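The chains referred to below are lettered A, B, ... by the order of the sequence lines, with proteins before strands, and numbering in each begins at 1. Predicted, not measured: the structure shown is a model, and the values here were computed from it.
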Amino acid sequence: AANEGGAAPEESASTLSGNLVGAGASSQDAAQQSWIAGFQTANPDVTIDYDPSGSGAGRETFLEGASDFAGSDRAFNDEELAAGGFARCAPDSTIVELPLYISPIAVIFNVEGVDTLNLDAATIAGIFAGTITKWNDPAIAATNPDATLPDLAITPVHRSDDSGTTENFTEYLGAAAPDVWTYEADGVWPFEGGEAAQGTSGVVDAVTNGTGTIGYADASRAGDLGTVAVQVGDEFVSYSPEAAAAIVDASPFAEGRAEGDLAIELDRTSTEAGVYPVVLVSYLIACGTYAETENVELVTSYLSYIASPEGQDAAAADAGSAPISDTLREQITAAIDSIS
Amino acid sequence: MSKRIEVKDLNVYYSKFLAVEGVSLEIEPRSVTAFIGPSGCGKSTFLRTLNRMHEVIPGARVEGEVLIDGNNLYDADVDPVLVRRQVGMVFQRPNPFPTMSIKENVLAGVKLNNSRISKSDADELLEKSLRGANLWNEVKDRLDRPGSGLSGGQQQRLCIARAIAVSPEVILMDEPCSALDPISTLAIEDLIEEMKQQYTIVIVTHNMQQASRVSDKTAFFNIAGTGKPGNLIEYDDTTTIFSNPSVQATEDYVSGRFG
Amino acid sequence: MSKRIEVKDLNVYYSKFLAVEGVSLEIEPRSVTAFIGPSGCGKSTFLRTLNRMHEVIPGARVEGEVLIDGNNLYDADVDPVLVRRQVGMVFQRPNPFPTMSIKENVLAGVKLNNSRISKSDADELLEKSLRGANLWNEVKDRLDRPGSGLSGGQQQRLCIARAIAVSPEVILMDEPCSALDPISTLAIEDLIEEMKQQYTIVIVTHNMQQASRVSDKTAFFNIAGTGKPGNLIEYDDTTTIFSNPSVQATEDYVSGRFG
Amino acid sequence: MSTTAAIKAKQRPGDRVFSGSAVFAGSMILVTLAAVAIFLIVQSIPAFFADSEDASILPANFWAYVGPLVFGTVWAATLALIMAIPVSIGIALFISHYAPRRLASVLGYIVDLLAAVPSVVFGLWGIGVLAPAVQPLYSWLVDNLGWFPLFGGPVSGTGRTILTAGIVLAVMVLPIMTAICREVFLQTPVLHEEAALALGATRWEMIRTAVLPFGRSGIISASVLGLGRALGETMAVAMVLSASGAVTFQLLTSVNPSTIAANIALSFPEAYGMNVNVLIATGLILFVVTFAVNAFARWIVSRRKEFSGAN
Amino acid sequence: MTTTTKPDAVTAVPIENSLTAGRLPAPAPWIILGAAIGVGAAIFGVLALAGNEFNWGGAIIVGALLYIPSIWLFSMLVEGRRRAMDRLVTALVTGAFVLAMIPLISLTITVVTYGLARFDAEFFNSSMRNVTGEGGGALHAIVGTLLITGAAAVISIPIGLMTSIYLVEYGRGRLARGITFLVDVMTGIPSIVAGLFAYALFSIFLGPGTRTGIAGSVALAVLMIPVVVRSSEEMLRLVPNELREAAYALGVPKWLTIVKVVLPTSIAGITTGITLAVARVIGETAPLLIAAGFTASMNYNLFDGRMSSLPVFVYTQYANQGNPPEAYLDRAWAAALTLILIVMALNLIARLVARFFAPKFGR
Ligand SMILES: Nc1ncnc2c1ncn2[C@@H]1O[C@H](COP(=O)(O)OP(=O)(O)OP(=O)(O)O)[C@@H](O)[C@H]1O
Ligand SMILES: Nc1ncnc2c1ncn2[C@@H]1O[C@H](COP(=O)(O)OP(=O)(O)OP(=O)(O)O)[C@@H](O)[C@H]1O
Ligand SMILES: [Mg+2]
Ligand SMILES: [Mg+2]
């Protein structure tokens, strides 16, 4: 191919070479492609493949030892960690989980003449639970006195596939509006009702092609659709990378985890100013200690690149993700350095 | 009621190949006409123009007129389906419908037109047609078995039964007996004799004896050479053709001294 | 070299249906034997047991022995392919290969067996076989045209040419002339006459004249009724069968006073 | 001239090799299938006995999970075939017996091309073109014919219903069904067609008496192949259908049953542990369903075997 | 034989009538069709007055729907039941064809219009390695598709063809019935299960988690074999026994008869079947995603490393869009267009092959 095998940039000081395989969450695929492109350009002898086969598949693949690292929309849970058996890692090794991909989830809708809506969590939950069925419902009108709301049925669109986006979204609804949203957080939409669509693209297409539709999707894909500003405390916050990064900083790490395992417990109910609580955090997962050392340098330098400001900015440009804050970066860098 | 057939200066083509050229003849109602001639001279081809079966072949076409009781078959608006209902046909190779039972085969044509035929009428017609084709005794116990399980001769007689079951006005037969044993042949010949009281019958045959036995008039076709079109050489009373033909080629052919 | 055929107490079945029962006869080398009998009596069926074509039909089987020069065709380790190469066959319906040209059809027996044959030999064989089947003049200009474009009679002669091109020892013919005009028929009959100098020939025919003209011996088959097996009624010199048969049924049949 | 001993030659090697390799190829299918079956069964067994404790995607037990999926699979495939069988027979007839010859081969080629469209593209087309195009029709149907059980509301706002999925499936199976029907119809012996015409049959009557009966087993084979594809189609259904796992016959709402294959595609990426086994077990069930339908079709064909056109 | 026993309907055709009696004049169907579409247009015209946009498609569809019963009715009145039925079926058959053309044309227009945006040189000489956003190409996926599908065809055509030959020519009894049964079962393997199977199979040989092109080929072969068997079986059965017998009678061994008579006679149908089978699998996404994986780089080796294919490329470009999304969508459509063109080419080749070998039927 014309873009391959060309002479390496002469000034490239890289001595890295080899083949790295990762698999997992498709949510971070666009970001991964951007990181891979950046990293491979700097290190022409390296080839990295990231298989966007899904978080579950990614974790399984990593467990089986068929990949060097995994991408996952959730961290391994305590039972899975206790069961262990990570084939690539040295026996007794811990694993390193890094929240390197933070993406706000936008609530998108398609109603003619309306570009943005202010909604509180209870109203959003009511819409998605099917208790609020018209766009001119008083609950919506109450927070949007200026909008001209049509007498139109609401078609809520959710993901038909099992996804981290759904899990994060329902977790937010359950935490912020526990009275309306009585379902448990889950990657699978918890009840029958509403329109289902496959993947982020499917949801975006369904919302775009339908009328009176509303859905949730990676913010980078919101495009020209109307978006919802979510009530946090007393103000309404539109999604933005900064606001998404802010909620991560405002949230604690999960307890009882090994060093380098930076699983985050998002505080969805945070009332801090300027945070946007509907976010998806996707992890990169690697071994604390690899059983075989040949790819360790490659893994650490790749992860370091991802964590670096250039890496995060590249993903922000290509995939619309939120760059991590410097505080988080310090912790992550420390964790990467511990990989051996 | 039978029909008079008049053919006026007919040319028959397969795409660009002229197979039969300039045939004109008149066939009287209630008569049997035999077509004889060497293989490949266009007897079958010509016969098939008499009920517009010729045009079923892609690229096949016809120039000239065929009048049945004064109506030109090849007029623009003529419905070939109607023509074929009045001019029935029995083919050289037996062709019973393989997916139908013997009974269904015989009644196939009738069912098309009169799907609500009563059971007793159907059974009567079935027996009559099969008897007419001298097949009744052989198949009466297996009327519901497939027609394709019969021997070649039985199949041909089944096809004859099928053709006469719709009682056409004219019946064209393309070597109907070439696969039959003498007994069946005789029965068919008797049948032809009987049918001619009512119908106009045209038969292609290779069997001179048969032609002289059954036909009132005989048409002799010949071909000048390969790739040349076939021609009608002589058309006359059968006795004349066989005893005193006016053309030498005819005499040579009927006496077996051909070529 | 021609072959003597001996059939001993042969029963022929289609699955459970006994089609031909208890046939025993001897066919002399260098002779022509005709099988006659009413339609459906099992002539074709029996003929096909003589080169093991019968077993091609699913469920068909045979009891008894067929000896060719003393070797039983139905012995366990006999190769039916070799049998068929020595015992050729021409069918009732012409069946040229539709994918092949006229030339390829004639040479099919040679070419399909992957035998190598020089171009000049092939051309010679082609012409000889086609001439033998009285088809050469009609097709010599279109040897590369498809064989299925010929008229019925031409197709049948093509099949005869194809069969004689492999020079078998015995030739079985199942009503080979039923689709032919008298001239071609005559040519084939002459050919049979000529071939019998060298080959053993068995022919099924419905044409009494033909049987009496070409055959040395005649076998008359009959069937007692539908569903019953066919039987060999009488087998004798042709002159005897036609002038002075010992069984009444035979006399009735050959004189056309049957049934 | 060979001697009589030649008759006794042993079986020829060509025949041996050829029939041997034919048997071998048949056996390869046996082996492949055995391997697939073993893989499926071994992976499935734990799932049959799992409950929601072991596998998070199970509502209660495995059968409660797979039941609605089986329903959806069969329902969607049925809808597809109801549309596809008559249309494909129609197209095949049009090409074989109605269109002028020259045109017919071009048309056949064009229809074959439909087979080339990857299922992903059907999915994209279904979402982007078909669903929005039929949505107004669905609204109309629900508003005016809503009393008819199949057309009950509320109407889907996007048109991505089981009926749309059925249409997409129908379009997807059309080419393969049409191609087989067409080939079979073209093979109808001229003799039989002429026999019908000579009895004074119109073109349709000729088709009814000669062509369709002759092509019957071919039509059924084509349908079975189409059905196999419709039952097993993954990506297009996953992309087009708004699936929520409900068991309902309503054609036009957002709440639709899912299909087994689509469900595997949707759930597999995020599946782990026992969930993987559950999904594979649903694959095994799909197997069984397809086989049952196939066996039924075979039975129909064999019932009137001796009347088949092939002799 | 007397006239009194003739079925009524036959005598119902009066002999005195000219043969043209009771026929609709030749242009009548066209006039009726025009009128029907006119009515359809009128209906939608009224709707248009009521404020809706004038819907051409709707007018034509309503017109076509009107045409079918009206031609039947007219024909029934003038020509009688049988002609009416014939005309009805003609209308329906033509209608079925036109109906099927609608999605085809719609699909073609969609794919071509969207696909042309990126149908450029770069698309065909670049992979996606180090490409984000705009640019890049699908060469790696094109090569992958050709290799994977080619290998699948190499595996399944011989097996499928030989199996169908076995079933038609040799198969009797248990084994044949068993294989027919298994082929039926095999048609029921959902593509995604085939992918899982191939993935699991190669995990055994090449270590867990390996994804290679050949694993994808095996998955596709599992899907392709039953299609090949079924369609070839159907075609082989159509070869008349007369031809086989003619060859046997010439002393041609069975296998040569099959090779030189049966196969050439049915070659047109078989190639069509095979092309259809290839077309059937070349667009498969799910099994390749699982078994062959995904890569942005070139890979010419079926046996080592992940390999992209066009459907997977289309799918990932669509599903995981980055910035700007149009670039990803354009690539997806261009790849879809490429895939269709590849199959078109295959189809053409198959047709040429078929024409070359096809039986030359005269009369
Ligand atoms: N479908 C066809 N296409 C082209 N030529 C044909 C076709 N059918 C027949 N012919 C040619 O037309 C001529 C007349 O054929 P036809 O079958 O009418 O002869 P025939 O007199 O019936 O012969 P036979 O006695 O052998 O049946 C022959 O040269 C034949 O090759
Ligand atoms: N394939 C078959 N399966 C079952 N029965 C058959 C089959 N072929 C022929 N028969 C039956 O076997 C008997 C003998 O048939 P055969 O064809 O040998 O008669 P034939 O003497 O050649 O008649 P014809 O003179 O009409 O050709 C008939 O009753 C026929 O119905
Ligand atoms: Mg003829
Ligand atoms: Mg016979």
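Residue Ile176(D) holds its CD1 atom at 11.0 Å from CZ of Arg230(E), rounded to the nearest 0.5 Å. The CG atom of Leu130(D) sits 11.0 Å away from the CD1 atom of Ile102(E) when rounded to the nearest 0.5 Å. To the nearest 0.5 Å, atom CE of residue Met162(E) and atom OG of residue Ser27(D) are 11.0 Å apart.
Here the side chains of Val121(D) and Leu337(E) are not in contact, with every heavy-atom distance at 4.5 Å or above. The closest side-chain heavy-atom distance from Trp204(D) to Val93(E) is not below 4.5 Å. Contact of the Leu238(E) side chain with the Glu183(D) side chain is not registered, since no non-hydrogen atoms from C-beta on lie closer than 4.5 Å. Using a 4.5 Å heavy-atom cutoff, the side chains of Val111(E) and Trp125(D) are not in contact. For the pair Val89(E)/Tyr98(D), a side-chain contact is recorded, criterion being any heavy-atom separation below 4.5 Å from C-beta on. Side-chain contact check for Ile127(D) versus Tyr318(E): some heavy-atom pair is nearer than 4.5 Å. For the pair Thr234(D)/Thr285(E), no side-chain contact is recorded, criterion being any heavy-atom separation below 4.5 Å from C-beta on. Within the 4.5 Å cutoff, no side-chain heavy atoms of Phe197(E) are placed close to those of Leu40(D).
By number of non-hydrogen pairs under 4.5 angstrom with chain E, the leading residue of Ile89(D), Leu93(D), Val120(D), Val289(D) is Val120(D). Of all the listed residues (Val224(D), Thr202(D), Ile95(D)), the one sharing the greatest number of non-hydrogen pairs under 4.5 Å with chain E is Thr202(D). If you tally non-hydrogen atom pairs under 4.5 Å between each of Val193(E), Ile165(E), Leu104(E), Thr110(E) and chain D, the highest count goes to Leu104(E). Residue with the most contacts toward chain E among Gly26(D), Ser21(D), Gly108(D), Ala265(D): Gly26(D) (heavy-atom pairs, distance under 4.5 Å). Counting heavy-atom pairs closer than 4.5 Å to chain E, the top residue among Ile180(D), Val171(D), Val36(D) is Val36(D). The candidate with the highest count of non-hydrogen atom pairs below 4.5 Å against chain E, out of Ala22(D), Gly232(D), Ser88(D), is Ala22(D). Comparing Ala336(E), Ser106(E), Ser231(E) by how many heavy-atom pairs each has under 4.5 Å with chain D, the most go to Ser106(E). The choice from Leu92(E), Ile342(E), Ile258(E), Thr108(E) that makes the most heavy-atom pairs within less than 4.5 Å of chain D is Ile258(E). Most heavy-atom pairs under 4.5 Å with chain E, from the set Ala261(D), Gly283(D), Ala35(D): that is Ala35(D). Highest contact tally toward chain D, considering only Leu182(E), Ile179(E), Ile225(E), is held by Leu182(E) [criterion: heavy-atom pairs under 4.5 Å].
When heavy atoms are compared at a cutoff of 4.5 Å, Met172(D) does not approach chain E at all. In this structure, chain E has a heavy atom under 4.5 Å from the side chain of Phe268(D), while its backbone stays farther away. Interface residue Ser191(E): backbone and side-chain heavy atoms are both found under 4.5 Å from chain D. Residue Ser164(E) does not touch chain D at all, counting heavy-atom pairs closer than 4.5 Å. For Val288(D), no part lies under 4.5 angstrom from a heavy atom of chain E. Heavy-atom distances place both the backbone and the side chain of Leu196(E) under 4.5 Å from chain D. Heavy atoms of Leu33(D) lying under 4.5 Å from chain E belong exclusively to its side chain. Heavy atoms of Val129(D) lying under 4.5 Å from chain E belong exclusively to its side chain. The parts of Leu348(E) that come within reach of chain D are both its backbone and its side chain, each placing non-hydrogen atoms under 4.5 angstrom from that chain. Only the side chain of Tyr170(E) has a heavy atom closer than 4.5 Å to any heavy atom of chain D. Heavy atoms of Val239(E) lying under 4.5 Å from chain D are absent altogether. Contacts of Arg182(D) with chain E are made by side-chain atoms alone, with heavy-atom separations under 4.5 Å and no backbone atom involved. If you measure heavy-atom distances from Ile159(E) to chain D, the contacts under 4.5 Å come from both the backbone and the side chain. Interface residue Val229(E): only side-chain heavy atoms are found under 4.5 Å from chain D. For Pro103(E), the parts sitting under 4.5 Å from any heavy atom of chain D are the backbone and the side chain alike. Both the backbone and the side chain of Tyr315(E) have a heavy atom closer than 4.5 Å to some heavy atom of chain D.
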Met28(D) and Thr163(E): CA distance, side-chain angles, deciding distance, side-chain contact (heavy atoms from CB on, under 4.5 Å) verdict: CA-CA 9 Å; Met28(D) 276 304 291; Thr163(E) 304; over 6 Å; no

Verdict with reasoning, Leu124(D) to Val314(E), per side-chain contact (heavy atoms from CB on, under 4.5 Å): CA-CA 10 Å; Leu124(D) 293 178; Val314(E) 174; 4.3 Å; yes

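Shown here for Gly90(D) and Ala96(E), the closest heavy-atom pair between the two residues is CA-CB, 4.0 Å. Of all heavy-atom pairs between Asp86(E) and Arg203(D), the closest is OD1-N, 3.5 Å. Of all non-hydrogen atoms in Glu234(E) and Ser217(D), the two that sit nearest each other are OE2-OG, 3.4 Å. Shown here for Val87(D) and Ala100(E), the closest heavy-atom pair between the two residues is CG1-CB, 4.3 Å.
Within 6.0 Å of atom CZ in Phe18(D), more than 12 heavy atoms from other residues, nucleotides or ligands are found, so the atom counts as buried in its surroundings.
Ring geometry, Phe94(D) versus Phe97(E): the interplanar angle falls under 30°, so the pair is classed parallel (tilted spans 30 to 60°).
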